[in-house]
Amino acid sequence: MTAYWLMKSEPDECSIDDALGAPQATVPWTGVRNYQARNFMRDAMQVGDGVLFYHSSCPEPGIAGIARVASDVYPDPTQFDPKSPYFDPKSSPDKPRWLLRDVKAEKKTRLLSLAELRDTPALADMVVLQRGSRLSITPVSAEHWRLITQELLNG
DNA sequence: GCCAACGTTGGC
DNA sequence: GCCAACGTTGGC
């Protein structure tokens, strides 16, 4: 059964344009250093799941495009790179702590801003909108996915 | 740069 | 296992 996700990326690091410009429009979702978000990728995601590509920590935070989970889970190579800001000295290649999946960008959309998301009563239950929510990967219900993609693709 | 909210660490 | 201190996220 297809599931849906919202995945945050800082556009300074990897914007929807960057992802679309990558080979096969596919990027490894590096840098997740939160166990709950990691576990979503490891245990709950499946290839083909829908992804709302969200721009965070930027002047205009919000959903910027549609993407899809494009690979099985595998170790995040940045955890082993001492020069990477995501380096984790407590991790090792034979016992990797951090995992990722590849994400394939499908379409850049208009920016559906965080303010607009918050102004939409039908989306009030979205995990990402909950008070104090900081997770960089959150599940999205089928109904919320339908509403948002309909608005972005047809609206 | 501020700060609320949450996660992680480490001493006990 | 508790919990205070500290670190991080991310909108504003």
What integer distance in Å separates [X]:[atom1] from [N]:[atom2]?
{"X": "Q130(A)", "N": "dG11(C)", "atom1": "CD", "atom2": "C1'", "result": "16 Å"}
{"X": "E13(A)", "N": "dG10(C)", "atom1": "CD", "atom2": "P", "result": "11 Å"}
{"X": "I63(A)", "N": "dG11(C)", "atom1": "CD1", "atom2": "C1'", "result": "16 Å"}
{"X": "Q36(A)", "N": "dT8(B)", "atom1": "CD", "atom2": "P", "result": "9 Å"}
{"X": "Y35(A)", "N": "dG7(B)", "atom1": "OH", "atom2": "P", "result": "13 Å"}
{"X": "L129(A)", "N": "dA4(B)", "atom1": "CG", "atom2": "C1'", "result": "17 Å"}
{"X": "L114(A)", "N": "dT9(C)", "atom1": "CG", "atom2": "P", "result": "18 Å"}
{"X": "L6(A)", "N": "dT9(C)", "atom1": "CG", "atom2": "P", "result": "17 Å"}

Please tabulate, one pair per line, all N/O donor-acceptor pairs under 3.5 Å involving side-chain atoms of residues 148-155 of chain A, not counting sequence neighbours.
from    : atom 1 : to      : atom 2 : distance (Å)
T149(A) : OG1    : W145(A) : O      : 2.7
T149(A) : OG1    : R146(A) : O      : 3.4
E151(A) : OE2    : R110(A) : NH2    : 2.7

Taking only residues two or more places apart in sequence, or in another chain, which ones meet [X] in a salt bridge (Lys or Arg N to Asp or Glu O under 4.0 Å)?
{"X": "D17(A)", "result": "K108(A)"}
{"X": "R33(A)", "result": "D76(A)"}
{"X": "R118(A)", "result": "none"}

Within residues 82-94 of chain A: residues closer than 4.0 Å to DNA chain C (heavy atoms)
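Heavy-atom cutoff 4.0 Å gives no residues at all.
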Within residues 52-60 of chain A, which residues have any heavy atom lying less than 4.0 Å from an atom of DNA chain C?
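Close to the strand are Y54(A), S56(A), S57(A).
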Are any non-hydrogen side-chain atoms of L100(A) and V73(A) less than 4.5 angstrom apart?
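With C-beta onward as the side chain, the pair stays apart.
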Ring pair (Phe, Tyr, Trp, His ring centres under 6.0 Å) contacts in which one or both residues fall within residues 51-72 of chain A, not counting sequence neighbours
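Checked against ring pair (Phe, Tyr, Trp, His ring centres under 6.0 Å) - neighbours excluded - the pairs reaching residues 51-72 of chain A are W29(A)-F53(A), F53(A)-H55(A).
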Pairwise ring pair (Phe, Tyr, Trp, His ring centres under 6.0 Å) hits with a residue in residues 82-137 of chain A, at least two apart:
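Every ring pair (Phe, Tyr, Trp, His ring centres under 6.0 Å) pair that includes a residue of residues 82-137 of chain A, provided the two are not neighbours, is Y35(A)-W98(A).
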Mind listing the residues from residues 132-141 of chain A sitting with a heavy atom below 4.0 Å of DNA chain B? Number order is fine.
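Listed by number, they are G132(A), R134(A).
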Listing request: all side-chain hydrogen bond (donor to acceptor under 3.5 Å, both in side chains) pairs with a residue in residues 65-74 of chain A, at least two apart in sequence or in separate chains.
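Pairs touching residues 65-74 of chain A that pass the test: R68(A)-E106(A), Y74(A)-D102(A).
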Determine, stepwise, if the pair I137(A) / M41(A) fulfils side-chain contact (heavy atoms from CB on, under 4.5 Å).
CA-CA 8 Å; I137(A) 299 174; M41(A) 287 197 286; 3.6 Å; yes
Side chain to side chain contact (heavy atoms under 4.5 Å, CB included) partners of E10(A), counting only residues at least two apart
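Residues passing side chain to side chain contact (heavy atoms under 4.5 Å, CB included) with E10(A): E13(A), S56(A), S57(A).
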Short side-chain N/O contact from K8(A) to OP1 or OP2 of dT9(C), under 4.0 Å
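No.
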Pairwise salt bridge (charged side-chain N to carboxylate O under 4.0 Å, His left out) hits with a residue in residues 89-98 of chain A, at least two apart:
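As it turns out, the salt bridge (charged side-chain N to carboxylate O under 4.0 Å, His left out) pairs with a partner in residues 89-98 of chain A, which skip direct neighbours, are D88(A)-R97(A).
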